[in-house]
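For reference, the structure is listed below as structure tokens.
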Amino acid sequence: MALHGISRVRRQLPTSPWLFAAPGLLVISAFVLYPFVSTVVNAFTDRRTLIPGKFVGLANFRELLHDDMFWIGLRNSTLYVVGVVPLLVVLPLLLALLVQKNIPGITFFRSAFYTPVVASIVVVGLIWVWLLDDRGLVNALLETVGAGPVGFLSDQWLLLLSAMAVTVWKGLGYYMIIYLAALGNVPRELHEAAAVDGAGAVRRFLTVTVPAVRSTMVLVGALSSVAAFKVFSEVYLLAGPSGGPAGEDTTLVMLVQRTGTGLTGRVGYASAISVVVFAVTVALMLLVLRADRKEDS
């Protein structure tokens, strides 16, 4: 009888893991795999919102090469990566070094730095719009010193820089937490040995801290690169649906939203842009990982 029960359990074991994984697999299939495959398929069709469309091959991708708005979006998304990623790799590390010490009141500052991370991006965007508007607080302070109003939200490049500032401000706390976990694993003996050798704070940072957390810096660089290239909310909230003056601050994801939505949305063309965004983000990840492997070798 006991042997019969054991054999029955053994017959059931191979399927048991799949039963536990089934809910998660269903969710991933419904909200990740199916949309991804559908987007790739639609990229090769002329589908619209209410029209199924037909297969057109590479026509959408050829049209991208002659679309000025696509190149504007690619330029802005690339500039966003160049402007945001270095700051999000270095500044959170410096911030983590400041708040890692156990001194009275440090918990308050850790919470304060992390607050923008949990704040709604819509609320954050509205706050920054009120601050940077022509009649906002920042311009009011500038006028008191005779600097005059500055078009933070009306100038093409100032608007893009303002959106970058919002992204950096909102992401500092998130990456600070990641660095805090990495700094906790750095042996204190290394800093003590460097101090005995006469190394100052800057030298200990460059020769001990940075090498010890280099893998974390690579992770932060990869995550922030993908997030920066896919930026949408910050620019959309500051620039509006039009993408700033004459649409010059439009990013690729904003172009996807503008092209593929509405009753006459070009779903096929927007899907082609999405495929390009996916390909570039994968390329960014591979470049960061390849640079890390070269450093290891």
query = Counting only heavy atoms not in Phe152, do more than 12 fall under 6.0 Å of its CZ?
reply =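 Buried by this count: over 12 neighbours within 6.0 Å.
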
request  = State whether the number of non-hydrogen atoms from other residues, nucleotides or ligands found under 6.0 Å of Leu26 atom CG is greater than 12.
outcome  =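 Yes, because the 6.0 Å sphere around CG of Leu26 holds more than 12 heavy atoms from other groups.
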
remark   = Sorted by chain and number, sequence neighbours left out, salt bridge (charged side-chain N to carboxylate O under 4.0 Å, His left out) with Arg266 holds for Glu63

Using a 4.5 Å cut-off on heavy atoms from C-beta on, say whether the side chain of [Y] contacts that of [X].
X	Y	value
Val218	Val288	yes
Leu153	Asp134	no
Gln156	Asp249	yes
Ser225	Met285	no
Trp71	Leu65	yes
Phe278	Val40	no
Thr264	Thr49	no

Could you give the distance from [atom1] ([X]) to [atom2] ([Y]), rounded to the nearest 0.5 Å?
X	Y	atom1	atom2	result
Ile273	Thr39	CD1	OG1	12.0 Å
Asn76	Met69	CG	CE	8.5 Å
Tyr179	Leu94	OH	CG	9.0 Å
Met217	Ile178	CE	CD1	13.0 Å
Leu180	Phe113	CG	CZ	11.0 Å
Leu238	Leu161	CG	CG	11.5 Å

query = Between Glu248 and Arg75, is there a side-chain N and carboxylate O pair less than 4.0 Å apart?
reply = yes

Between [X] and [Y], is there shared hydrophobic-cluster membership here, with clusters defined by ILVMFWY side-chain heavy atoms closer than 4.5 Å?
X	Y	result
Val282	Val81	yes
Val256	Val41	yes
Leu252	Met164	yes
Leu97	Met176	yes
Val226	Leu223	no

query = Could you go step by step and tell me if Tyr236 and Val231 meet the side chain to side chain contact (heavy atoms under 4.5 Å, CB included) rule?
reply = CA-CA 9 Å; Tyr236 184 86; Val231 65; over 6 Å; no

Heavy atoms only: give me the nearest [X]-[Y] pair and the separation to one decimal.
X	Y	value
Gly221	Val85	O-CG1, 4.1 Å
Pro245	Leu159	CD-CD1, 4.4 Å
Ala182	Thr216	CB-OG1, 3.3 Å
Thr281	Lys230	CG2-CG, 3.9 Å
Pro211	Leu206	CD-O, 3.4 Å
Trp157	Asp155	N-OD2, 3.1 Å

query = Hey, is the main chain of Ala270 close enough, under 3.5 Å, to the side chain of Thr259 for a donor-acceptor pair?
reply =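 No; judged by distance alone, with no hydrogens or angles, the pair does not exist.
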
ask   = With no hydrogens and no angle check, is any side-chain donor or acceptor of Arg110 less than 3.5 Å from a backbone partner on Val99?
value =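 Yes; judged by distance alone, with no hydrogens or angles, the pair exists.
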
key: From CA spacing to verdict: side chain to side chain contact (heavy atoms under 4.5 Å, CB included), Phe229, Thr251   = CA-CA 8 Å; Phe229 193 80; Thr251 64; over 6 Å; no

For residues 119-132, dump all side-chain donor-acceptor pairs below 3.5 Å to protein atoms at least two apart in sequence or in another chain.
unit_1 : atom_1 : unit_2 : atom_2 : d
Ser120 : OG     : Val122 : N      : 3.3

message = Is it the case that the side chains of Thr250 and Arg258 hold a donor-acceptor pair, with the cut-off being a distance below 3.5 Å and no angle test?
response = yes

ask   = Given the rule in the side chain to side chain contact (heavy atoms under 4.5 Å, CB included) test, do Val276 and Phe70 qualify, once you have shown the distances and angles that lead to the verdict?
value = CA-CA 10 Å; Val276 173; Phe70 169 76; 4.0 Å; yes

Compile the donor-acceptor pairs under 3.5 Å between side chains in residues 51-62 and protein atoms, sequence neighbours left out, one pair per line.
unit_1 : atom_1 : unit_2 : atom_2 : d
Lys54  : NZ     : Asp46  : OD2    : 3.2
Asn60  : ND2    : Ala43  : O      : 2.9
Asn60  : ND2    : Thr45  : O      : 2.7

inquiry  = side chain to side chain contact (heavy atoms under 4.5 Å, CB included) for Leu172 and Val168? Distances and angles first, verdict last.
reply    = CA-CA 6 Å; Leu172 280 177; Val168 172; 4.2 Å; yes

